[in-house]
Every structure is written in structure tokens, then in C-alpha cells.
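One structure below.
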Amino acid sequence: MIGRGAVADLVMGARMAVTGGREGWTRALLTAVGVGIGVAMLLLATAVPGALDARQARGDARDDLRMGEQVAAGPGTLLVHPVDADFRGRPVRGRLVRPEGPAAPVPPGLTALPGPGEVVVSPALRRLLDSPDGPLFAPRLGGARVSGTIADGGLAGPHELAYYQGDDRLSDKSGATRLDSFGGGLPGEGLGPVLMLLVAVIFVVLLLPIAVFLGSAVRYGGERRDRRLAALRLVGADTTMVRRIAAGEAAAGALLGVVVGIGFLLAGRQLVPLVTLYDISVYAADIRPPGALLLAVVLAVPALAVLVAMLALRAVVVEPLGVTRRGTPVRRRLWWRLLLPAAGLALLLPVAGLREGDGGITRWLVPAGAVLLLIGTVTLLPWLTDLLVRRLRGGPVPWQLAVRRVQLDSATSARLVNGIAVAVAGTIGLQMLFAGIAGDFTTASGQDTTRAQVQVQFQNQPDLARVLRQLGGADGVTSATGTLISVATIGSPDGPPVEIRVGDCAALAEFARLDRCADGDTFLVSDPNDPTVIPADAMLVVRANSRWRLPTAARAAQSRPDPAGWMQNGVLLTPAAAATRTLGPLHSTVYLKLDPAKPDAVEHVRNATAAIDLATPVSVLSSTIESPRFADIQRGLAIGTVVTLVLIATSMLVGTLEQLRERRRLLAMLVAVGTRRSTLGWSVLWQTALPVGVGLVLAVGFGLGLGAALLRMVQAPVSVAWPVVGFSVGLGALTVLAVTGLSLPLLWRLTRADGLRTE
């Protein structure tokens with residue numbers, strides 16, 4: 001049990017953390033803000049999985065996709081046709097609906113189904129329609145009147161573009177889905193071992209800088225604390241009492257930081273609905289850290305503060321007349337600093353063949369190895385900084401002031417940049433891994449975007465000339481080709497199916513290599529991968545009572561992939577050859593080429609398509625197809641990196657301001673004896689840039705090592721993403737400039753004459 005005297009010492013330390021006049025409150029505020037930022041980020045990180053789960057739950061509740069399910073029409077059924085699209089790169093979720101009875105299900109977020117000519121939109125879509133961009137989007141709603149707004153429960157996030165539109169022309173024969181309830185969709189795709197590896201390392205890379213920053217934040221005001229402890233020794237406190245008082249002060253400051261951090265989170269989450277990162281937005285209520293993790297953070301941060309304070313006191317000897325911190329520092333040893341990264345590599349390198357192995361091994365070995373390797377930058381940075389600045393001599397006055405400051409306390413300077421070094425190293429390693437495995441999650445689509453950029457497929461539009469005229473006249477369309485399509489069988493109604501395409505020679509040339517073509521020609525095209533053979537004089541059955549024989553003049557032609565990447569196996573007819581034939585139900589496919597100088601061309605195509613048929617989708621052709629899970633993880637990394645970089649810049653700024661406050665009398669004295677303020681500003685820049693430069697060198701080395709180890713684990717070739725390395729180094733330089741610029745106002749204030757006053 002803790003004795004009464006020990007409790008009194010802890011309470012005294014806690015009082016010292018928040019007393020001492022304006023200076024004491026300023027010190028406590030800096031510590032609380034620093035710790036609070038870290039705590040808020042930790043709590044935000046713990047809340048992210050729950051927020052994404054809440055998005056997923058709302059998406060599952062409104063799910064209307066059914067695979068193979070047959071629902072009989074009745075008073076409680078609804079026809080739904082998806083019309084998902086994009087608007088200037090933002091996804092738009094659209095649904096056409098038609099109730100088949102009075103008890104038809106209503107999707108989440110709606111109180112009633114929209115009637116014909118009505119549309120219910122999300123708040124974000126309503127804002128878009130009311131904005132200057134509204135006229136570019138409105139035509140695809142077919143002139144429907146906005147009759148309501150989708151509530152939060154029916155949206156994945158506050159910035160989602162979504163709508164439900166009533167359409168009394170829907171039928172199950174036109175591609176609509178009949179359902180009697182919403183929700184209960186198909187289970188999501190599993191991650192697999194390689195994606196599990198990505199997720200594990202991403203969490204390490206994003207959370208480790210926060211932990212490093214917390215370890216630095218709890219040491220703000222260290223020099224003043226040591227002088228206060230020396231004063232306590234002067235009035236009779238022994239070494240044990242001093243340590244207990246220091247522990248109480250550290251714990252109180254950390255607890256205050258925890259309270260501030262929770263306040264930051266509660267206030268900051270009200271701003272979350274205003275932000276959209278990579279098409280992901282969440283509601284404020286989604287940001288709820290789990291209770292167990294919240295309790296763990298509340299207990300762990302004060303414990304970390306006490307541990308760091310005790311470790312810091314080991315480096316000084318507190319005596320009644322002062323501390324030995326300002327003495328000559330002990331030469332730092334290298335050997336033990338290499339143990340942690342070596343142990344990390346030892347954990348990572350043996351884990352090879354992850355693609356064939358069990359992904360469960362990533363649960364412990366990969367995060368542990370990555371943590372140890374990245375912490376190597378933290379342990380090596382003070383040693384390397386000390387090694388560099390110890391040999392620096394001469395130079396301009398600002399350079400000498402900066403070098404001397406770092407020489408006196410290189411550990412404090414290194415602590416300011418530990419977070420950015422860890423973040424840059426982790427980012428380099430992760431981007432190397434992303435680049436190395438991207439080919440496994442990105443496949444060639446076979447689509448030829450040099451021949452066409454957009455494909456439009458109408459289910460029932462036999463008037464091809466009208467379709468080509470309307471789509472070809474859309475702003476930004478340079479050419480339009482299309483064909484009518486029917487399906488027949490060979491020999492009998494039960495024979496093998498064959499596709500019939502009707503179009504002019506230019507349109508048919510997209511599906512076969514034609515040596516010559518004139519109106520009235522017929523071509524037989526065979527896909528080498530399709531075993532169906534069309535005899536030269538085959539009898540085609542278009543309907544049960546409609547048969548016609550291929551003309552003897554029909555010529556064979558070599559099939560070629562169409563712009564969408566599909567090979568054809570069927571009959572190609574020019575308009576004159578088709579005029580005398582019964583073709584049955586027809587649908588059409590149109591390929592469009594767009595003017596690259598008009599980025600909104602595809603939006604005008606969507607509007608022109610909606611004017612013909614609201615339910616017809618517009619497909620933008622692409623040469624590659626990327627795994628949705630892989631893309632989601634990439635977006636998650638990008639969002640986390642942005643947030644982490646903001647944290648790092650903020651932490652460096654708070655640390656720099658704390659250092660300037662510690663030296664305000666020295667700075668005021670330098671100005672009093674004639675030193676120019678610009679000289680001091682440059683010295684602050686170099687004082688920050690020196691350890692940042694050393695940290696970035698270490699980060700590049702350790703990042704390349706981490707990336708190589710991770711690539712070896714997944715048996716991918718090791719290659720260096722030099723643009724990523726350059727971009728990361730550039731971010732570090734930008735952070736230095738931003739921190740220096742934001743600290744200059746405080747520097748000018750601290751160098752005034754009243755900064756010489758002391759009490």
C-alpha cells in the first residue's frame with residue numbers, strides 16, 4: 001500500500017503541474033494541448049473501425065441487389081432498377097422504383113416511395129442541384145420534381161450523392177429487380193493474407209508516430225521542472241520524494257491532457273460531417289471509441305507520462321543547487337541502438353511465401369517486426385544527430401546559434417522530429433509494398449480506350465439512327481458508332497445461340513477485320529475461343545415461327561475484340577442485308593469517342609442517355625480493373641497519412657513553441673545586445689532543419705529496408721519507388737518551413753525588452 005507521505009508527494013507534484021502563475025498555467029496548457037492532440041488522435045484511430053462498420057451497416061440495410069432470388073409479384077413487392085453513375089469523379093447512387101402494391105417496402109431513410117415524376121434526393125445531392133453545377137446534373141433526372149430528402153439512416157455518409165426516382169415504366173423484363181424487403185445482401189469479400197499484411201502494417205505506421213509524439217509531449221517543460229525539483233532539494237526533499245513529486249506532476253499533466261484530448265475529440269467530431277476524404281464521409285455519431293479502448297487510453301497515457309518522467313530523471317542528478325543536465329553529455333553508444341531494428345528484421349525476413357501461407361501469421365510477427373524496425377529511427381536519431389553536430393564548426397551567425405543549441409541538447413531536438421521520421425519511413429515502406437503488389441490486384445480489362453471511351457447499351461431501342469443522332473450530338477462527343485443486336489439459334493429453337501449485329505460498315509469494323517464492305521453484305525464471324533460453328537448455309541431461327549437461311553454470298557471474317565474487349569461469334573449484317581430479314585426484339589450498343597479537352601463530355605453523354613432512357617447505364621471504358629478491397633485500403637492509407645502529417649506538423653509546432661518559451665530570456669538578451677530578429681528566425685529554421693534532415697536520411701534508409709522486407713515476404717520483386725521517396729522528403733522540408741513560419745510570431749513577442757524580466 002502507498003503510504004500517506006507518498007500520497008502527499010504525489011499530490012504536491014500534481015499541484016505543481018497547474019500552479020505557478022501565468023508561467024505555470026502556460027506550461028500546463030502546452031503540455032495539455034500536446035498530450036491532448038495525441039490522445040485525440042489515438043481515440044480517433046480506435047473509432048475509425050466502428051465508423052466504417054456503421055457506414056457498412058447502413059449500406060447493408062438498404063441493399064437491394066439479389067443474386068438468383070425469385071420473388072413473386074404481389075401487393076408487398078417493389079421493382080428496383082439501379083442507375084449508379086459518377087458526376088465529375090464523385091459516385092452517384094441512383095435507384096428507379098415502382099411499387100407493385102400498397103404494401104411495397106420503403107427503403108431506409110424514406111417515409112414514402114416517390115411517385116412517377118418525383119425524386120427523393122440526399123442532402124448532398126440537393127445542394128448540388130441548387131449549386132451552379134446543378135444544370136449539368138439535373139437532366140439525368142428526366143425533369144422529375146424533388147419531393148423529399150433522404151434521412152441519415154438511408155445514406156452511407158453525409159456527403160453521399162444518392163436519389164430514389166419513381167418510374168411507372170419499370171418491369172421485370174426491362175432488367176428491374178423485384179424484392180419484398182431491403183437489406184440482407186451478399187457477404188463482403190475477404191481480405192486474404194496479403195491485404196491483411198497491408199492493414200496490419202498501415203495501423204503500425206499510422207499509430208506509432210502518435211505514440212512517439214505522446215512520449216515527447218509529456219516531457220514539455222523538462223528544464224523548468226528540473227529547476228523546481230532542485231529548489232525542493234534545497235528545502236529538504238530527498239531523492240525518493242523528488243521522484244514521487246515528479247511522477248505526480250507528470251501524471252497530473254497527462255490526465256489534464258487526456259481531458260483536453262477527449263474534448264478535442266468531442267469538438268472535432270462535430271466537424272467530421274463537413275469533411276470528405278477520397279469519397280468517404282461519416283456522421284458525427286459514428287465517431288465513438290469503444291469503451292474498453294477508451295479506458296485503456298485513459299490509463300495508458302498517464303502511465304506513459306510517469307514512465308517517461310522517471311527515465312528522464314535518470315539522465316540528471318537533482319541537487320540542492322541545480323542539475324547536471326547542462327554538463328557535458330555522456331557519449332552515446334551505438335551497439336544497443338542497433339538491436340531493435342535488427343530484431344525487427346529478424347522477425348520480418350523469415351516470414352516469406354505469405355501468398356501460399358496462412359495469413360494469421362501477420363497477426364503478431366508483421367506488426368511486431370515493423371514496430372521494432374521503425375523504432376530504430378527513434379533510437380538512432382539522437383546518436384546520429386549528436387555525431388553530426390559535434391563536428392560542425394563556423395558558418396553564419398544563425399547557423400552557429402542553431403548548431404550550438406542542438407549540440408547542447410541534441411536529444412530534445414531529435415524528439416521533435418521522431419514522429420516525422422517514423423511516419424516517413426513507414427510511408428516509404430508501405431508505398432514500396434503497394435507498388436510491388438499492385439499488379440496482383442490490378443488486371444487488364446482488355447478494353448481499348450484509343451477506339452472509344454464510353455459504351456452505352458440500350459435494352460430496347462430499335463431506332464439506332466435516333467440514338468446515334470442524340471448521343472453523337474452531345475457536347476464533347478467526336479464520333480459515335482453503334483449496332484442493333486438480336487439473338488437467334490442455329491437450325492432449331494433449341495440449337496446453339498448466335499448473335500446478330502446490324503450496322504454500317506464502320507460500325508461492323510469494330511467487331512471484325514473486313515477486307516471490303518458494302519451495304520448489302522453479310523459476314524460470318526467466329527471467335528476462336530467459342531466452339532460454336534456457323535455453317536455457311538445455316539438456317540437461323542429468330543423466333544419460334546421466324547426462320548431464314550444465311551445467303552450463299554455471306555463471307556467469313558476474322559473476329560477482333562470490340563472496344564469493350566469482347567470477341568464476337570455471330571452474324572454481321574449491313575442495313576440493306578437486314579432490311580429483308582425478321583430480326584425479332586432488338587437492343588443496341590453504342591461506342592463514343594470523346595474530346596479530351598472537354599472533361600465534362602461524359603456528363604453530357606449521361607444527360608443525353610437519360611433523355612432517351614433513364615434506366616440505361618453509361619459505362620466509361622478503362623484499360624485496367626482494380627480490386628475494390630485493394631482500392632479501399634489505398635484510400636484508407638491516404639486518409640490516415642493526411643491526418644498523421646497534420647498531427648506531426650502540429651506536434652513539431654507545439655514543441656518548437658515550448659522550446660522558445662524555455663529560452664525567452666536568452667532570446668531577449670540576444671536582441672538587447674544587437675542581434676537582429678531575422679538572425680534568430682533563421683536560427684530557428686536551421687535548428688529545426690538539422691534534426692529533420694538527419695531524421696529524413698534515417699527514414700529513407702529504414703523505409704527502404706522495411707519495404708524490401710515486406711516485398712520479400714510476399715515474394716514480389718524488390719524495387720524502389722523513388723518518386724515516393726522524393727515526395728516524402730519534400731513533405732519533411734515543407735513541414736520545417738511551416739513550423740518555422742508559424743513560430744515566428746511568438747519569437748517576435750519573446751524577443752521584446754520585457755522578456756528580460758525575471759522573478
Side-chain angles (χ1 to χ4, degrees), residues 82-94 125 128-129 131-143 161 163 278-279 442-459 461 463-485 501-514 560-568 587-626 628 631:
V83 283
D84 295 338
D86 288 335
F87 180 74
R88 289 182 171 173
R90 294 180 62 185
V92 181
R93 183 182 189 271
L125 184 54
L128 173 63
L129 292 172
S131 73
D133 294 332
L136 184 59
F137 182 87
R140 71 183 64 179
L141 299 180
L161 301 178
Y163 66 92
Y278 299 92
D279 297 326
T442 304
T443 57
S445 66
Q447 298 174 350
D448 190 350
T449 56
T450 63
R451 295 159 59 192
Q453 292 81 47
V454 171
Q455 178 190 46
V456 185
Q457 294 178 300
F458 293 93
Q459 292 298 316
Q461 287 297 329
D463 190 354
L464 182 60
R466 168 176 169 260
V467 169
L468 292 177
R469 185 171 57 254
Q470 290 190 233
L471 296 186
D475 187 23
V477 176
T478 59
S479 68
T481 59
T483 57
L484 292 172
I485 305 170
R501 284 187 178 269
V502 180
D504 58 25
C505 290
L508 297 183
E510 297 289 351
F511 305 94
R513 304 186 187 280
L514 308 179
R560 68 177 295 201
D562 63 21
W566 296 100
M567 296 285 284
Q568 304 301 314
H587 61 279
S588 55
T589 298
V590 177
Y591 293 107
L592 305 173
K593 294 189 70 173
L594 307 182
D595 184 354
K598 296 185 176 181
D600 285 334
V602 68
E603 306 302 335
H604 293 291
V605 170
R606 292 189 174 108
N607 293 341
T609 303
I612 300 171
D613 184 4
L614 290 175
T616 297
V618 175
S619 303
V620 178
L621 302 183
S622 173
S623 58
T624 58
I625 300 175
E626 189 175 50

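Start at 1 with the first residue, then count along the sequence.
- Considering every non-hydrogen atom in both Asp84 and Gly94, the closest pair reads OD1-N, 3.2 Å.
- The main-chain N or O of Ala509 is found under 3.5 Å from a side-chain atom of Arg560 such that the two form a donor-acceptor pair.
- Under the 3.5 Å distance criterion, the side-chain polar atoms of Thr478 are left unmatched by any main-chain donor or acceptor of Asp595.
- Scanning both residues, Arg140 and Ala85, for their nearest heavy atoms gives NH1-CB, 4.1 Å.
- The closest donor-acceptor contact from the side chain of Asn607 to the backbone of Leu136 lies under 3.5 Å.
- To the nearest 0.5 Å, atoms CZ (Phe137) and CD (Glu603) are separated by 8.5 Å.
- Residues His587 and Phe458 share a closest heavy-atom pair of CB-O, 2.9 Å.
- Nearest heavy-atom pair across Val456 and Pro617 is CG1-O, 4.0 Å.
- Separating the CG atom in Leu614 from the CG atom in Leu141 is a distance of 8.0 Å, to the nearest 0.5 Å.
- Contact between Leu484 and Ser588 at its shortest, heavy atoms only, is CD2-CB, 3.9 Å.
- Side chains of Thr589 and Asp562 form no contact here, defined as non-hydrogen atoms less than 4.5 Å apart.
- Once rounded to the nearest 0.5 Å, the distance linking CG of Asp613 with CD of Gln459 reads 8.5 Å.
- Here the CD1 atom belonging to Ile612 is positioned 9.5 Å from the CZ atom belonging to Arg469, to the nearest 0.5 angstrom.
- Salt-bridge formation is detected for the pair Arg451/Glu510: a Lys NZ or Arg NE/NH1/NH2 atom is positioned less than 4.0 Å from an Asp or Glu carboxylate oxygen.
- Distance OG/Ser619 to CD/Gln453: 13.5 Å, rounded to 0.5 Å.
- Note that the CG atom of Leu471 and the OG1 atom of Thr609 stand 4.5 Å from one another [nearest 0.5 Å].
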*Would you sort out whether Leu621 and Val454 count as a side chain to side chain contact (heavy atoms under 4.5 Å, CB included), showing the intermediate values?*
CA-CA 6 Å; Leu621 302 183; Val454 171; 6.0 Å; no
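- Closest of all the heavy-atom pairs between Pro563 and Ala452 is CB-CB, 3.9 Å.
- The backbone N or O of Ala507 sits less than 3.5 Å from a side-chain atom of Asp504, completing a donor-acceptor pair.
- Looking at heavy atoms from C-beta onward, Arg606 lies in side-chain contact with Val620 at the 4.5 angstrom threshold.
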